[in-house]
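Working notes, beginning with the structure itself.
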Amino acid sequence: MNYIERRHKSVSSRIIPVPPFDYVVFGATGDLTKRKLIPALYHRFKDGQFDQQSRIIGVSRSKLSDADFQKAARESIDQFVAKADRDEKVIDRFVSVFSYIPNDVSDPAKWADLSTKLRDDPKVVRAFYLAIAPDLFGPTCEYIEKQGYYRRDARVVIEKPLGHDLESSMAINNEVSRIFAEDQVYRIDHYLGKETVQNLLALRFANILFEPIWNSAHIDHIQLTVAESVGAGTRGYYDESGALRDMIQNHMLQLLCLVAMEPPASDDADALRDEKLKVLRSLKRITSADVGKVTVRGQYRNGSVDGQAVASYQEELPADKKGSKAETFVALKAEIENWRWAGVPFYFRTGKRMASRASEIVIQFRNIPHSMFDHAEGAPRPNRMIIRIQPDEGVKLFLMIKDPGPGGMRLREAPLDLSFAATFAERTPEAYERLLLDVIRGSQTLFMRRDELEAAWSWIDPIRDAWDQATDSPQAYAAGTWGPSGAVALIERDGRTWHEDDN
Ligand code: BG6
């Protein structure tokens with residue numbers, strides 16, 4: 001066992017049980033519940049973080065019994081939990097906490113009675129997860145209140161799409177905030193639940209090394225990439241949204257905030273969220289005059305991903321959507337107008353059907369001010385840090401070293417390579433595992449506050465408007481590539497290149 005493994009063994013896997021809860025899941029038969037919520041809760045139950053004193057109460061329109069819902073929970077575990085983690089005895093106990101009530105929140109005449117399922121004990125945490133379309137948030141909150149299920153210490157969980165622009169987002173938040181106060185609202189951005197994203201906080205603020213050089217004096221630029229190999233044409237919602245709203249408005253702006261914010265005084269939810277908000281509010285507005293210069297949108301044509309031929313976005317779309325101008329790729333250059341970051345571009349890139357699934361943040365440092373290695377082979381290259389979010393989570397810091405052995409002074413770049421997967425053998429928990437139980441703990445640190453969400457929309461809306469008014473279409477790129485040529489031109493105009501693995 002090496003040093004890191006020994007240290008790790010002594011600090012890892014601390015399971016801190018949460019208080020008993022009643023989790024009411026609206027939209028209990030939907031995709032989110034099946035794919036994400038049930039598997040995540042199962043893992044937390046299996047690890048002993050909660051037990052049979054807690055209840056998971058499913059609500060949706062389908063006429064199911066408790067037994068049907070328990071069966072559905074089993075199926076979801078079968079489908080979405082790795083075989084090695086499935087334990088029949090644990091599954092039996094886990095599904096015993098599930099019960100179900102059919103209900104149509106949109107019709108008050110048919111409102112069902114939840115009171116038999118909910119416990120009045122103040123020690124039992126009460127949480128409502130709205131895994132439903134946002135137009136049902138209002139009626140659901142009203143149902144909760146009018147039926148008397150609201151408590152001042154109850155929590156409500158919502159998640160995107162939280163609007164398609166600032167105005168619609170405010171309307172959604174207004175509906176929810178008629179009943180629930182801001183300190184009861186948990187807005188999920190599942191990227192904040194990812195281990196590697198939280199690691200950004202540790203990297204920046206639990207080490208002395210980086211903070212002194214984390215600024216425009218030492219950093220040339222930063223790249224944020226979230227590339228996916230999956231397609232999007234068969235997902236109804238995506239065509240309305242496009243990559244700008246689907247990925248940049250939320251996940252990628254959250255990543256930007258964690259990379260660029262000032263050190264918060266504590267990990268208190270508002271201390272952290274105040275700093276994130278300042279970043280969002282300092283983003284330079286992209287006007288319609290600039291949009292052509294600093295943004296690129298693309299849509300994939302057919303091509304090949306992982307050796308498999310795949311159809312174009314247009315071919316995947318249903319007949320009534322053909323001709324859609326939805327972007328499946330976005331590259332853009334953002335700037336933060338504050339003292340720390342003035343003059344440092346942040347290049348964003350995200351897309352579907354790209355060459356591979358790869359999410360990473362590249363911190364490109366400036367070159368050394370003077371090189372003493374006039375006679376050396378190989379000029380010093382500026383340092384670079386790659387924070388790899390997924391897959392192959394880890395951090396690589398590229399340093400210049402002397403090539404070992406005789407042959408004179410020869411310089412070359414080599415990485416300090418910390419692979420989380422290789423170093424820490426344990427399963428990396430899914431984002432929802434952390435987030436679902438943070439709700440029960442009452443910790444809002446990893447959830448978006450309303451003003452953050454609105455600041456993000458305020459920055460996104462002018463870009464979207466300019467695109468909507470433009471007569472051109474998204475640039476074509478072949479599936480299985482890194483996007484349209486315009487994305488390469490965007491960064492090359494500034495004398496820079498996108499980071500590719502091993503260059
Ligand atoms: C979702 C988007 O929020 O995040 C999807 O709607 C995207 O389009 C997904 O595929 C990416 O999440 P992850 O965790 O797979 O990186």
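Remember, it's 1-based here, ligands and their atoms both numbered in the order they're listed.
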Can you produce the list of protein nitrogen or oxygen atoms under 3.5 Å from a nitrogen or oxygen of ligand 1, alongside each distance?
| residue | atom | partner | partner atom | Å |
| --- | --- | --- | --- | --- |
| ligand 1 | 3 (O) | K160 | NZ | 2.5 |
| ligand 1 | 3 (O) | H251 | NE2 | 2.7 |
| ligand 1 | 4 (O) | H251 | NE2 | 3.4 |
| ligand 1 | 6 (O) | K160 | NZ | 2.7 |
| ligand 1 | 6 (O) | R235 | NH2 | 3.1 |
| ligand 1 | 6 (O) | D246 | OD1 | 2.6 |
| ligand 1 | 6 (O) | D246 | OD2 | 3.4 |
| ligand 1 | 8 (O) | R235 | NH1 | 2.7 |
| ligand 1 | 8 (O) | D246 | OD2 | 2.6 |
| ligand 1 | 8 (O) | K352 | NZ | 2.6 |
| ligand 1 | 10 (O) | E228 | OE1 | 3.3 |
| ligand 1 | 10 (O) | E228 | OE2 | 2.5 |
| ligand 1 | 10 (O) | K352 | NZ | 3.0 |
| ligand 1 | 12 (O) | H190 | NE2 | 3.1 |
| ligand 1 | 14 (O) | H190 | NE2 | 2.8 |
| ligand 1 | 14 (O) | K194 | NZ | 2.6 |
| ligand 1 | 16 (O) | Y191 | OH | 2.5 |
| ligand 1 | 16 (O) | Q390 | NE2 | 2.6 |

### Message
Tell me if the aromatic rings of F346 and W341 count as close, with their centers under 6.0 Å from one another.
### Response
yes
### Query
Distance under 6.0 Å and angle within 45° of the ring axis: does R204 meet both against F210?
no
### Cation over ring face, R285 and W459, 6.0 Å, 45°
no
### Query
Can you pull the ring-ring contact (aromatic ring centres under 6.0 Å, His included) pairs that have at least one residue in residues 228-263, sequence neighbours excluded?
H190-H251, Y191-H251
### Aromatic plane relationship, F45 with F94 - under 30° parallel, 30 to 60° tilted, over 60° perpendicular
tilted
### Task
State whether E159 and R187 are salt-bridged, where the test is any N-O pair (Lys NZ or Arg NE/NH1/NH2 against Asp/Glu carboxylate O) under 4.0 Å.
no
